[in-house]
Amino acid sequence: MTTDSWPQFGVTTNFEGTEAVVALHGSVEHQGAFTLGATLDAAIDRHPASIVLDVSELDSIGPTGMMAIANAERRLAQMDTTLTIRSPSDLVNRLLGMMEMAEMSRLLDRVAAENEHVEKHEAKALPLMGAPSGQDGPSEDFRRVTAMPSDPDVIDGALRLIVELARALVEGADGVSVSLLRHGRLSTVAASDQTIMDMDTDQYKTGEGPCVDASIQGQRFHAPALAGETRWPAFTPQALGLGINAILSSPLKALDQPVGALNIYSRTPLAFTTKDQAAAAVFAKKASVILSDAGAGVSDTQMAFRYQEALLSRRTITLATGILMEREGVDEEAAFSDLLRLSLYHGEPLRQQAQTMIQSARELELGPEFGLDA
Amino acid sequence: MREPPVDILDTYRQEAGLSHGELWLRYFEFGGMSTAFELEAYLYGVLAPSTYDHDLIAHALNERFVELGGNHPVAYSEAIRAK
């Protein structure tokens, strides 16, 4: 790939009071990514109270560009400074592009839409409802090097982005939220406004509603017109009281397990067309990918078990490789290649092939002749 | 012949329905020495993996595809294919 095909990349930094605004133009990839990294580093070195990344003029951004932003975000997180991503024009298209990136790098912290103050308010208000109290578990530094799960704050940020997108793209949507099961309880980690937050809370309190059912049963629940709804007698009057007339809850899954729901609310009965329902399913799927990548819904015990299992497999495969090294007089990589070829030849998983090899080596060793021709 | 996209390995990962964390664990099980972050860089084509690393990743993905009832879509290096 040549860099000629990429549009010109440019970056400008403006300090507005204590806020640094870094505006990007063109396409961030290759050299552009290094320029961006250096620019962000320089801005961070001046210790602004916050950094705004303006991507409204950005045409595209690739993985190296995202890594430059991810690195800056990490530095800023350590300094307790936020990185806000602003995209005032052509919002939807840009965000759609950004969403792919959020999925890739689990990075996007928050998107500042046209009304930045509201956004700031929401961003600050939301974690109070959704975040687990107290930071138990690995320390900040340790968490950076573990494979999973990812930083819950970053995940919440990505989910807030999905909420913004769903609200903008699903025509019947007056409000959107994401509920997640955490520590066995449902909570709202992202919501487009306070009414929606209240709607979710009402469902958790009454223990019923499309959001609760979708989160637990892992299926879509659609209430096209609440006035005629009979499934949730305790919750429905409260929703109608808040002016909500239609609800569409799509399940979120992490590693095939239901972990929450994407909830879309409308003031208009029969607001959600077939097209809206399909769009909701797409957003729910996107959110599910983010959650799966984050290892959401995986308990500490399951995680510990999985790590233990992985360590055991690794030991088995390393031992088999060692046996082959000794037997064939080759280096580790060549021995591994041999093992891999054997596994492919026999159509057996690598771990099983390694086990077979260890077993036969043991039998040889324990045999009466202790010889290769035994 | 057209070159495959740089992030072809990550495309396979998504098709295989593996999270980055789970793929890294599988790679680690096979004896992989790279960090999870390096693995992501290999997947996106930002860093070029060694032949050994490439084969580890390819096999981790292929074993997953077999689990899902599929074949071995991810190509191994010449070192594996030659013999």
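Numbered from 1 within each chain, the chains take letters A, B, ... in sequence-line order.
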Would you give the length of the straight line joining atom CD of A:Gln352 to atom CD1 of A:Ile317, rounded to the nearest 0.5 angstrom?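 Taking CD in A:Gln352 and CD1 in A:Ile317, the distance rounds to 11.0 Å.
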For [X], which atoms come within 4.5 Å of any heavy atom of chain B: side chain, backbone, both, or neither?
X	value
A:Leu339	neither
A:Leu340	side chain
A:Ser343	side chain

Suppose we call two aromatic rings close when their centres sit under 6.0 Å apart. Are B:His59 and B:Phe30 close by that rule?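 Judged by ring-centre distance (under 6.0 Å), B:His59 and B:Phe30 do meet the cut-off.
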Give the member of A:Thr321, A:Leu344, A:Thr316 that has the highest number of heavy-atom pairs under 4.5 Å with chain B.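 Between A:Thr321, A:Leu344, A:Thr316, the count favours A:Leu344.
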I'd like to know which of B:Asn62, B:Leu56, B:Asp55 tops the heavy-atom pair count under 4.5 Å against chain A.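 Looking at each option in turn, the highest pair count goes to B:Leu56.
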Between B:Gly31, B:Gly45, B:Gly17, which residue shows the highest count of heavy-atom pairs closer than 4.5 Å to chain A?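 So the answer, after comparing B:Gly31, B:Gly45, B:Gly17, is B:Gly31.
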A:Ser313 and B:Glu29: side-chain donor and acceptor closer than 3.5 Å?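 Note: A:Ser313 and B:Glu29 side chains meet the donor-acceptor criterion.
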Would you say A:Glu326 has more than 12 foreign heavy atoms packed within less than 6.0 Å of its CD?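 12 or below, so no.
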Would the distance check show the side chain of B:Trp24 and the main-chain N or O of B:Phe37 forming a donor-acceptor pair, the cut-off being under 3.5 Å?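 Absent.
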